[in-house]
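Here is the structure we will look at, set down as structure tokens.
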Amino acid sequence: QVQLVESGGGSVQAGGSLRLSCSASGYSTDNSCMAWFRQAPGKERAGVAVIGAFGTTSYADSVKGRFTISQDNAKRTLYLQMNSLKNEDTAMYYCAATARVLCVLARLTENEYRYWGQGTQVTVSS
């Protein structure tokens, strides 16, 4: 049974940094695609960043240059380093993973991902 558990969320002032983690069990992160999504109050869930086999990455325009996605396959853990946080980054952040055996890169759309975590809240204040 695949389980994804996020951690690292919290409250931070604008301009600050946070690092989110997503621990995977029952799932091999090698050669897979894993991503971060977020959902702000009153808005639809949206893709933030994805990482695939060979370390290929892609980011939403709104976070390019500020967020960095990475993973440690030995620890089966996905990370999201968030710098220069803005009020509009406030959201529930979700970890997601594809079911593909080999995934070089996946799109940042929900239907690409089979497995989801429960989310971790990030609140950015001025």
Side-chain angles (χ1 to χ4, degrees):
Q1 183 178 357
V2 176
Q3 189 174 16
L4 303 176
V5 180
E6 302 95 335
S7 61
S11 297
V12 64
Q13 289 195 326
S17 299
L18 280 175
R19 188 176 82 153
L20 305 182
S21 299
C22 172
S23 179
S25 59
Y27 182 84
S28 174
T29 60
D30 298 51
N31 299 323
S32 67
C33 287
M34 297 189 73
W36 289 97
F37 284 72
R38 65 185 181 186
Q39 186 168 21
K43 295 188 177 181
E44 293 186 352
R45 190 155 56 181
V48 174
V50 56
I51 186 166
F54 317 122
T56 310
T57 59
S58 180
Y59 296 89
D61 288 343
S62 59
V63 306
K64 282 180 181 176
R66 300 188 299 122
F67 290 10
T68 303
I69 189 171
S70 63
Q71 63 185 34
D72 184 330
N73 290 328
K75 295 182 178 179
R76 297 189 179 186
T77 301
L78 178 73
Y79 301 101
L80 185 68
Q81 178 66 44
M82 305 186 294
N83 299 328
S84 303
L85 282 161
K86 304 176 181 180
N87 290 351
E88 50 265 42
D89 294 318
T90 294
M92 183 71 78
Y93 282 73
Y94 298 90
C95 170
T98 64
R100 299 185 209 174
V101 174
L102 174 62
C103 179
V104 176
L105 198 63
R107 292 174 296 176
L108 283 170
T109 54
E110 291 189 56
N111 60 6
E112 292 274 301
Y113 302 87
R114 178 177 294 183
Y115 308 109
W116 292 83
Q118 294 300 306
T120 185
Q121 178 68 38
V122 172
T123 303
V124 185
S125 58
S126 299

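Hydrogens, waters and symmetry mates are skipped; everything else that's a heavy atom, side chains included, is used.
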Should we say atom CD of Gln118 is surrounded by more than 12 heavy atoms from elsewhere, each under 6.0 Å from it? no
Should the heavy atoms of other residues, nucleotides or ligands under 6.0 Å from CD of Glu44 be counted, would the total exceed 12? no
Could you tell me which non-hydrogen atom of [X] sits nearest to which non-hydrogen atom of [Y], and how far apart they are?
{"X": "Ile69", "Y": "Ala35", "value": "CD1-CA, 4.3 Å"}
{"X": "Ala91", "Y": "Ala40", "value": "CB-N, 3.8 Å"}
{"X": "Gly52", "Y": "Cys33", "value": "CA-SG, 3.8 Å"}
{"X": "Gly8", "Y": "Leu18", "value": "O-CD2, 3.9 Å"}
{"X": "Leu102", "Y": "Ala53", "value": "CD1-CB, 4.0 Å"}

Who pairs with Gln81 by side-chain contact (heavy atoms from CB on, under 4.5 Å), at least two apart in sequence or on another chain?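 Scan of Gln81 (side-chain contact (heavy atoms from CB on, under 4.5 Å), adjacent residues dropped) gives Ser17, Arg19, Thr68, Asn83.
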Any non-hydrogen side-chain atom of [X] less than 4.5 Å from a side-chain atom of [Y]?
{"X": "Arg66", "Y": "Asp89", "value": "yes"}
{"X": "Ser62", "Y": "Arg38", "value": "yes"}
{"X": "Tyr93", "Y": "Glu6", "value": "no"}
{"X": "Cys22", "Y": "Met34", "value": "yes"}
{"X": "Asp30", "Y": "Arg76", "value": "no"}

State the [atom1]-[atom2] distance between [X] and [Y], to the nearest 0.5 angstrom.
{"X": "Ser25", "Y": "Gln1", "atom1": "OG", "atom2": "CD", "answer": "8.0 Å"}
{"X": "Ser32", "Y": "Gln71", "atom1": "OG", "atom2": "CD", "answer": "5.5 Å"}
{"X": "Arg107", "Y": "Thr98", "atom1": "CZ", "atom2": "OG1", "answer": "12.5 Å"}
{"X": "Asn87", "Y": "Ser125", "atom1": "CG", "atom2": "OG", "answer": "7.0 Å"}

Starting from [Y], can I reach [X] by hopping between I/L/V/M/F/W/Y residues whose side chains sit under 4.5 Å apart?
{"X": "Tyr94", "Y": "Leu80", "result": "no"}
{"X": "Tyr79", "Y": "Val48", "result": "no"}
{"X": "Met82", "Y": "Tyr59", "result": "yes"}
{"X": "Phe67", "Y": "Leu105", "result": "no"}
{"X": "Leu78", "Y": "Val122", "result": "yes"}

Knowing that exactly one of Thr120, Leu20, Leu4 qualifies, which makes a side chain to side chain contact (heavy atoms under 4.5 Å, CB included) with Cys95?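 Checked Thr120, Leu20, Leu4 against Cys95; only one passes side chain to side chain contact (heavy atoms under 4.5 Å, CB included): Leu4.
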Output every pair passing salt bridge (Lys or Arg N to Asp or Glu O under 4.0 Å) with a member in residues 45-54, not counting sequence neighbours, ordered by first then second residue.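 The answer is Arg45-Glu110.
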Any pair counted as ring pair (Phe, Tyr, Trp, His ring centres under 6.0 Å), so long as it reaches residues 26-54, sequence neighbours left out: Tyr27-Tyr115, Phe37-Tyr113, Phe37-Trp116
Between Leu85 and Gln13, does the side-chain contact (heavy atoms from CB on, under 4.5 Å) criterion hold? Intermediate values first, please. CA-CA 8 Å; Leu85 282 161; Gln13 289 195 326; over 6 Å; no
So, are Asp61 and Lys64 salt-bridged, with charged N and O less than 4.0 Å apart?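 Looking at Lys64 together with Asp61, the answer is yes, because their closest N to O distance falls below 4.0 Å.
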Modelled atom types, side-chain donor and acceptor of Asn73 and Thr29, under 3.5 Å: yes
